[in-house]
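Structure, as structure tokens:
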Amino acid sequence: MDFYSPDAISSATSEGLNPQEPLERLLRDLRGRPEGLSARESERRLIVFGRNELTKRGRSQWPRELGRQFIHPLALLLWVAAGLAFAAGSAALSVAIVAVIVLNALFAFFQERHAEHAVEALSAYLPAQARVRREGSEVLVDATSLVPGDVIVIREGDQVSADCRLLSGSLEMDVSTLTGESLPVVRSADPVGVQGVPLLQAQDVVFSGSSCTGGEATAVVYATGMRTEMGRIAALTQSMGHEPSPLEKQVAHMARLIAIVAVAMGLAFIPLGTLLGGLSFGDALNFSIGLLVANVPEGLLPTITLALAVGVRSLARRGALVKRISAVETLGSTSVICTDKTGTLTMNRMQVLKFWTTGGEQELAAGNVRAQRAPVPRFAASAATCTSAQLAGPDGHGEAGDPTELALLHLADELGTTAESLGAVQLRQFHFDPALRRMSTIDRIGPATEVHSKGAPEDILPLCSHLAVEGHERAMTDEDRELIGSVVDTWAAEGLRILALADKPLASMEASGMSRQQAEKNMTFLGLAAMLDPPRPQVFDAVARCHSAGIRLIVITGDNGLTAAGIARNVGIGGAGLDTISGAELDELSEAELDQLLETGGELVFARSSPEAKLRITDALQDLGHVVAMTGDGVNDAPALRRADIGVAMGCSGTDVAREAATMVLTDDDFASIVSAVEAGRRVYDNVRKFIVYIFAHATPEVIPFLIYATSGGSIPLPLTVMQILAIDLFTETLPVLALGREAPEPGLMQRSPRPRTEKVITGPMLVRAWAVLGGTSAILVTAGFLVTLRAGGWTFGADVGSGQMHTLWQQATTMTFLGIVACQVGTAMAARTQTVSLFKIGFSGNRLLLAGIFFELAFSAAVVVIAPLRLVFGTVMPEWWQLLMLLPFPLLVWGSDELFKSVRRRVDATHTSRQAE
């Protein structure tokens, strides 16, 4: 019959349908029945509930995203520079600067358009079709047409299409995409002791996106689309916005600083020039424009963008793809890495570590695993035959099956036994039953017929009446059972998964028609196999490098606490004092208690964690001032990957959801790549500081001549023209700056502590070094070159340089100022290669790109003073030979002053460190 109004169900679900309520009540609330809905009823409900798919809300408008790129703080400064260039009469340079703005905006826009399509990726986890009961008949339907009240059939190999409550049967489910738990879990329509557990751990509920690895069951759908657990994660993912990266915040701060300084100086010197210097208002205004142009670093934004782009390419070659270029440096400031376990620290595949028979316990690494003492051959035969999996062929392809079964097949192979070598033929298979927690096969091996079984020790052991010993078998005693139990308890405490194996001979005529209960009784116990999802080999060194870099590691996993803690200790996380906090314990902690726990500085394991728990931990760490990197590979990781300062997803074993939600994707799934990315991030940040010092250093020799002009009331002529300033800022400066962005890391880079989140990209010592040491030395040298040139040509204080021979002399003097700044740039470029260590320690020729950049700026400067059309544009003349010789010591003097400054800083830092140690 077609019955019930969909509106009633919609009302029930909106009021908070409880999927864990008694089954009869749930079916009543869903207006459902075990026979399923009719097609007509399903269509009506589809209209009410919508299609069973994940939707994305609040899609942003691309014009607004693109527009934001044009009003970035540094972009605004470039607009100012373009306007000033136009006001100075250089339309061509103004157009060039605008072109730089447009190119940078488009580049950043398309990088951001790689924005996460996590919801679309989540949809890939919904199967295309589902088996549904329609009034008692099983039919295949489009999975997107499922509605609450539908009854679906789930079998081995199926993906679940919606959130469901089991009606009958039992299943073994892979829920790793939702919970991060690596081992399959049992779900049964007849659960035992399930009251009061979180929904994700309910034993009679299965979820959209999980997959069935064994068993068969029917289930009633209670949630579809965005109402499912998968939909909840999708909603969490959508609600998580990206916070600006530390570098983005610092660049904005730096841009504001530059703008304030440039505008303040320009405005301040209009009255200074008119009142104190005696200049006309027009001359004072021209002076202010020149001062603003001198202070605006036109090439800074494209230089930072290109330096970060170089970092992106460098990381890509190392197996790390960065989707947002500003995040390249974020790992460099990371103080905490919150890492998943399964698929991140581990290889996400089971491996037998050791096995036990009455011949004793044996490690697989012991080197004698092919020993043929009884009962090892029988143990190996059972591992090789009781399976539905298969190993890879000689070509390395074709491996398929459950990871646990594959681990046992690999064990049997190492013991020298395979089904092929035994000539085994599988006659019958009793598939793995999650309720019974075992699997059995009936096999013919030569003339013999045998039952082989494997399963949980507590379920296999009661079925065994005999024990395989050396050369024969005997009746099992209570002492035998206690011994086996003690081995199981010991291995379980180590976080290992344990399987027991047994066999039993059969008469050939017994095999046909034998029930499972008959086959699986009075068996002979053969032994135990202990397995674990092994750590990745590279993780050990990567963890050690994180510790040397002062980075704290916290494991957040949906897996068992014992297993997670064992893996963490094995790879060097936490050591003997490692604390493990379960999901339930975390839920009981107040925010203050969680902050106190995280503030201690120790390394932790959070087990059985939900997506909300990961978000809570991330928020708490960020509030404590940490820069947080979050690794993950599952659907459940997506919200936290978005919330963290940088989300790091696994590219091979990770889900599409995690890859789309992350900022960085490790294409090789190698945790060690994170450490390489940390080093690359620190290197990028250091190099950004290096070329900021380089750029800022030239503001002083560009500004000081204007101050001399203004304070002298025009008696000392203007030492530099606006066009020459733009030639320096846009041409001679650019290639050396880009080369500094490729500078190799300084010694000791990965032995530093992470920089604080609040640390500014521009610090006081940087400004002292740039403006006073490098810039001040350059200003003295450049001003001296300008005045010496004027005096040598016969100029006297206050003489007019507006026409005749004096005008040519003034052009020669401004040319010397221009060439002097370029010469000082050479010394500044070499000095800026290091922040603290001496250049003698790293060598003078280590950065060949910088040498090429220096060659270009020298060649360009020569062209400006030699080629007639360029002389006309930039107002230069050819200097005399003695004037060129005067420029030769400029680079050495600038570099030498910086070496002296760094030497003093090293001594001060060493003294401070020794006092702290005392």
Query raised in the report: For the side chain of H472 and the backbone of E470, is there at least one donor-acceptor N/O pair under 3.5 Å apart?
Result: yes
Query raised in the report: Once you round to the nearest 0.5 Å, how far does CG of L171 lie from SG of C212?
Result: 4.5 Å
Query - Side-chain (T417) to main-chain (D413) donor-acceptor, under 3.5 angstrom - result: no
Report summary line: Here the gap from N522 atom CG to L463 atom CG, rounded to the nearest 0.5 Å, amounts to 9.0 Å
Query raised in the report: Side chains of M514 and L506: closer than 4.5 Å at any heavy-atom pair?
Result: yes
Query raised in the report: Between atom CG of L526 and atom SG of C464, what is the distance when rounded to the nearest 0.5 Å?
Result: 7.5 Å
Query - Non-neighbouring partners of S465 that pass side-chain hydrogen bond (donor to acceptor under 3.5 Å, both in side chains), sequence neighbours left out - result: none
Query raised in the report: Parallel under 30°, tilted from 30 to 60°, perpendicular over 60°: which one fits the rings of W356 and F525?
Result: tilted
**Report entry** Heavy-atom side-chain proximity of L499 to L528 below 4.5 angstrom
**Finding:** no
Requested in this report: Flag the pair P534 / Q351 as yes when at least one side-chain heavy-atom distance between them is below 4.5 Å, and no otherwise.
Outcome: yes
Report task. Examine distances only and state if a side-chain atom of R33 and a backbone atom of G36 form a donor-acceptor pair shorter than 3.5 Å. Result -> yes
Requested in this report: Return yes if some donor-acceptor pair links the side-chain N/O of T631 with the main-chain N/O of D340 below 3.5 Å, else return no.
Outcome: yes
Query raised in the report: Is there a side-chain contact between V352 and H410, using heavy atoms and a 4.5 Å cut-off?
Result: no
Report task. Say whether, by atom type as modelled, one donor and one acceptor occur between the side chain of Q518 and the main chain of S515 under 3.5 angstrom. Result -> yes
Query raised in the report: Quick one: salt bridge (charged side-chain N to carboxylate O under 4.0 Å, His left out) pairs with a partner in residues 480-489, sequence neighbours left out?
Result: R474-D480
Report task. Check whether any side-chain N or O of S208 sits under 3.5 Å from a backbone N or O of M230 as a donor-acceptor pair, and report yes or no. Result -> no
Report summary line: For Q538, the side-chain hydrogen bond (donor to acceptor under 3.5 Å, both in side chains) test, sequence neighbours excluded, returns none
Query raised in the report: Would you call V555 and L604 a side-chain contact if the rule is heavy atoms closer than 4.5 Å?
Result: no
Report summary line: Rounding to 0.5 Å, atoms OG (S440) and NZ (K504) come to a distance of 9.5 Å
Query raised in the report: Can you find a heavy atom in the side chain of E138 that is under 4.5 Å from one in the side chain of R131?
Result: yes
Query - Set of residues satisfying side-chain contact (heavy atoms from CB on, under 4.5 Å) with respect to A389, sequence neighbours excluded - result: T387, E405, L406, L409
Report summary line: A519 and V451 have their tightest heavy-atom pair at O-CG1, 3.9 Å
Query raised in the report: Are the charged groups of D150 and R134 less than 4.0 angstrom apart, N to O?
Result: yes
Query raised in the report: Taking only residues two or more places apart in sequence, or in another chain, which ones meet E479 in a side-chain hydrogen bond (donor to acceptor under 3.5 Å, both in side chains)?
Result: T477
**Report entry** Side-chain donor or acceptor of E414 paired with backbone N/O of L411 under 3.5 Å
**Finding:** no
Query - Set of residues satisfying side-chain hydrogen bond (donor to acceptor under 3.5 Å, both in side chains) with respect to E473, sequence neighbours excluded - result: R378, T524
Query raised in the report: With sequence neighbours left out, what residues match T441 under side-chain contact (heavy atoms from CB on, under 4.5 Å)?
Result: C386, Q426, Q429, M439, D443, H452
**Report entry** Side chain proximity check, D503 to F379, heavy atoms < 4.5 angstrom
**Finding:** no
Report task. Name all residues meeting the salt bridge (Lys or Arg N to Asp or Glu O under 4.0 Å) criterion together with K354; count only those two or more places apart in sequence or in a different chain, and write none if there are none. Result -> E361, E494
Query raised in the report: Can you name the side-chain contact (heavy atoms from CB on, under 4.5 Å) partners of A219, sequence neighbours left out?
Result: I152, I154, C164, L166
Report task. Find the distance between CG (L501) and CD1 (I460) and round it off to the nearest 0.5 Å. Result -> 8.0 Å
Query raised in the report: Which atom names give the shortest non-hydrogen contact between T358 and A468, and what distance separates them?
Result: OG1-O, 2.7 Å
Requested in this report: Using side chain to side chain contact (heavy atoms under 4.5 Å, CB included) as the criterion, point out the one residue from I556, T580, I554, I567 that pairs with V605.
Outcome: T580
Report task. Apply the test side-chain hydrogen bond (donor to acceptor under 3.5 Å, both in side chains) to residues T404 and R497: give CA-CA distance (whole Å), side-chain angles for both, the deciding distance (0.1 Å), then the verdict. Result -> CA-CA 9 Å; T404 301; R497 187 185 189 195; 2.4 Å; yes
Query raised in the report: Got a salt bridge between E216 and R155, using NZ or NE/NH1/NH2 to carboxylate O under 4.0 Å?
Result: yes
Query - Shortest non-hydrogen contact between L578 and E603, atoms and distance - result: CD1-O, 3.2 Å
**Report entry** Listed partners of E229 passing side-chain contact (heavy atoms from CB on, under 4.5 Å), at least two apart
**Finding:** D163, L199, L200, F207, R232
Query raised in the report: Within a strict 4.5 Å, meaning less than it, do heavy atoms of the D204 and R165 side chains meet?
Result: yes
Report task. Could you tell me the separation between the CZ atom of F606 and the NZ atom of K614, rounded to the nearest 0.5 Å? Result -> 12.0 Å
Query raised in the report: Residues two or more places apart in sequence or in another chain: which of them pass salt bridge (Lys or Arg N to Asp or Glu O under 4.0 Å) with R516?
Result: E520
Query - Minimum heavy-atom distance A162-A223, with the two atoms named - result: CB-O, 3.4 Å
Report summary line: Sorted by chain and number, sequence neighbours left out, salt bridge (Lys or Arg N to Asp or Glu O under 4.0 Å) with E35 holds for none
